[in-house]
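Excluded from the calculations below are hydrogen atoms, water molecules and symmetry mates; all remaining heavy atoms, backbone and side chain alike, are included. These numbers were taken from a predicted model, which means no experiment stands behind them.
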Amino acid sequence: IVNRTTPGARGAMPDHVNEFDAPDFVEAEDYVENKGTRINKPFVEKPADAENHNICIYYPHTVGGGYKALFRKVGNQASRYYPPPAP
């Protein structure tokens, strides 16, 4: 995750290219954290590429966890919920 400095916007930009080489990255039930930057769930992940319309909303475990993927409408569906993995 990289801190963003846009005035008025709080966010981060994850590096998905090196996602398996991120020793400082922590994903917990209610937040994600990297190098001291913590983002509490729920939060929205948007692609950096404006042409990519795949957006994810991550939910804390207090409301069921998991995430919802939003995408360009296919037939009558524009989103899909993915529950958290079973313990």
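In this structure, the side-chain contact (heavy atoms from CB on, under 4.5 Å) partners of Ile57, at least two apart in sequence or on a different chain, are Val44, Tyr59, Leu70.
Taking both residues in full, the closest heavy atoms of Phe25 and Asn34 are given as N-OD1, 3.2 Å, listed atom of the first, atom of the second, then distance. Between Glu27 and Lys41 the shortest heavy-atom distance is OE2-NZ, 3.8 Å.
Within the model, atoms OH of Tyr31 and CG of Asn40 stand 9.0 Å from one another, a figure rounded to the nearest 0.5 Å.
A side chain to side chain donor-acceptor pair (under 3.5 Å) check over residues 74-87, counting only residues at least two apart or in different chains, returns nothing. Applying the side chain to side chain donor-acceptor pair (under 3.5 Å) test to residues at least two apart or on different chains, the pairs with a partner in residues 47-58 are Glu45-Tyr58, Asn52-Asn54, His53-Arg72.
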Going by atom type alone, with no hydrogens or angles, which donor-acceptor pairs under 3.5 Å involve a side-chain atom of residues 60-69 and a protein atom two or more places apart or on another chain?
| unit_1 | atom_1 | unit_2 | atom_2 | d |
| --- | --- | --- | --- | --- |
| His61 | ND1 | Asp30 | OD1 | 2.8 |
| His61 | ND1 | Asp30 | OD2 | 3.3 |

